[in-house]
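As structure tokens, the structure follows; a few thoughts come after it.
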Amino acid sequence: QELPETVLLKFFRQENTPVPARPTPEQLSSLIKTSLHYPESFNHSFHQKSLCLVPVTLLLSNCSQAVVDVMIDLRHKPTSSEALEIHGSFTWLGQTQYKLQLKGQEVYSLQLKACFVHTGVYNLGTPRVFAKLVDQVTLFETSQQNSMPALIIINNV
């Protein structure tokens, strides 16, 4: 009786191709982390100049590996009368909407100017930030979680 011919077995392993990390739906609302950088208090002579302009930096950090479309809307105002009584109202000067694209893990710095006409305590945390994955087919961006209130004190000198 003849023995069956021995066949050499070859094992093939697919190369590890990196799959771009795609955020889950739960992570979509925290694609972009925002932080505002501004002075804690600002001294201004309202007698010499009626408008007080304060430079504010909005820092946007892409927390994902994916490319993200970001939309920033500065036109949002607090709607509750309580928020207006406590913090007062102010205006963002210049452009009111921004659209940009952040690469994975990219940090972007946006220079803004807040305009005040009175002394008081104000909440600068009004910018609304929306984001979506670049290759995501959707009509609406996901609203990004807003951070804590960003309070600034405007003093008259």
Strictly below 4.0 Å, N to O, side chains only: are Arg128 and Asp73 in salt-bridge contact?
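Answer for the salt bridge query: no.
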How close do [X] and [Y] get, heavy atom to heavy atom, and via which atoms?
X      : Y      : result
Ile32  : Ala131 : CG1-CB, 3.7 Å
Leu124 : Ala114 : CD2-CB, 4.0 Å
Trp92  : Leu74  : CD1-O, 3.4 Å
Asn123 : Ala150 : OD1-N, 2.9 Å
Val70  : Val129 : CG1-CG1, 3.9 Å
Gln101 : Asp69  : NE2-OD1, 3.0 Å

[atom1] of [X] to [atom2] of [Y]: how many Å apart, nearest 0.5 Å?
X      : Y      : atom1 : atom2 : result
Ile153 : Phe42  : CD1   : CZ    : 13.5 Å
Arg75  : Thr126 : CZ    : OG1   : 12.0 Å
Leu112 : Thr57  : CG    : OG1   : 7.5 Å

For Gln48, enumerate each residue passing the side chain to side chain contact (heavy atoms under 4.5 Å, CB included) test, keeping only those at least two apart in sequence or located in another chain.
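In terms of side chain to side chain contact (heavy atoms under 4.5 Å, CB included), with neighbours along the sequence ignored, Gln48 is linked to Ser45.
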Set of residues satisfying side chain to side chain contact (heavy atoms under 4.5 Å, CB included) with respect to Lys103, sequence neighbours excluded:
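Residues passing side chain to side chain contact (heavy atoms under 4.5 Å, CB included) with Lys103: Glu106.
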Start with the C-alpha distance between Asn62 and Gln105, add both sets of side-chain angles, then the distance that settles side chain to side chain contact (heavy atoms under 4.5 Å, CB included), and finish with yes or no.
CA-CA 5 Å; Asn62 183 352; Gln105 302 293 308; 5.9 Å; no
With side chains defined as the heavy atoms from C-beta onward, is the minimum distance between Asn155 and Thr119 less than 4.5 Å?
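A side-chain contact under 4.5 Å is absent here.
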Under the side chain to side chain contact (heavy atoms under 4.5 Å, CB included) rule, what do Asn156 and His47 come out as? Steps first, then yes or no, please.
CA-CA 8 Å; Asn156 191 19; His47 301 298; 3.4 Å; yes
For residues 49-56, tabulate all N or O donor-acceptor pairs below 3.5 Å that involve a side-chain atom, not counting sequence neighbours.
none

Just wondering, more than 12 heavy atoms not from Gln111 lying within 6.0 Å of its CD?
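Yes - once you tally the heavy atoms of other residues, nucleotides and ligands closer than 6.0 Å, there are more than 12.
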Other residues, nucleotides, ligands: >12 heavy atoms within 6.0 Å of His118 NE2:
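Open.
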Apply side chain to side chain contact (heavy atoms under 4.5 Å, CB included) to residues Val68 and Leu133 and explain how you reach the verdict.
CA-CA 5 Å; Val68 176; Leu133 298 173; 4.2 Å; yes
Using side chain to side chain contact (heavy atoms under 4.5 Å, CB included), reason through Tyr98 and Leu58 one step at a time and then give a plain yes or no.
CA-CA 12 Å; Tyr98 296 85; Leu58 175 60; over 6 Å; no
Mind checking whether Phe116 and Tyr122 have parallel, tilted or perpendicular rings, split at 30° and 60°?
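It falls in the tilted class, 30° to 60°.
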Are Val117 and Ile154 linked, directly or through intermediate hydrophobic residues, by side-chain heavy-atom contacts shorter than 4.5 Å (ILVMFWY only)?
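No, separate clusters.
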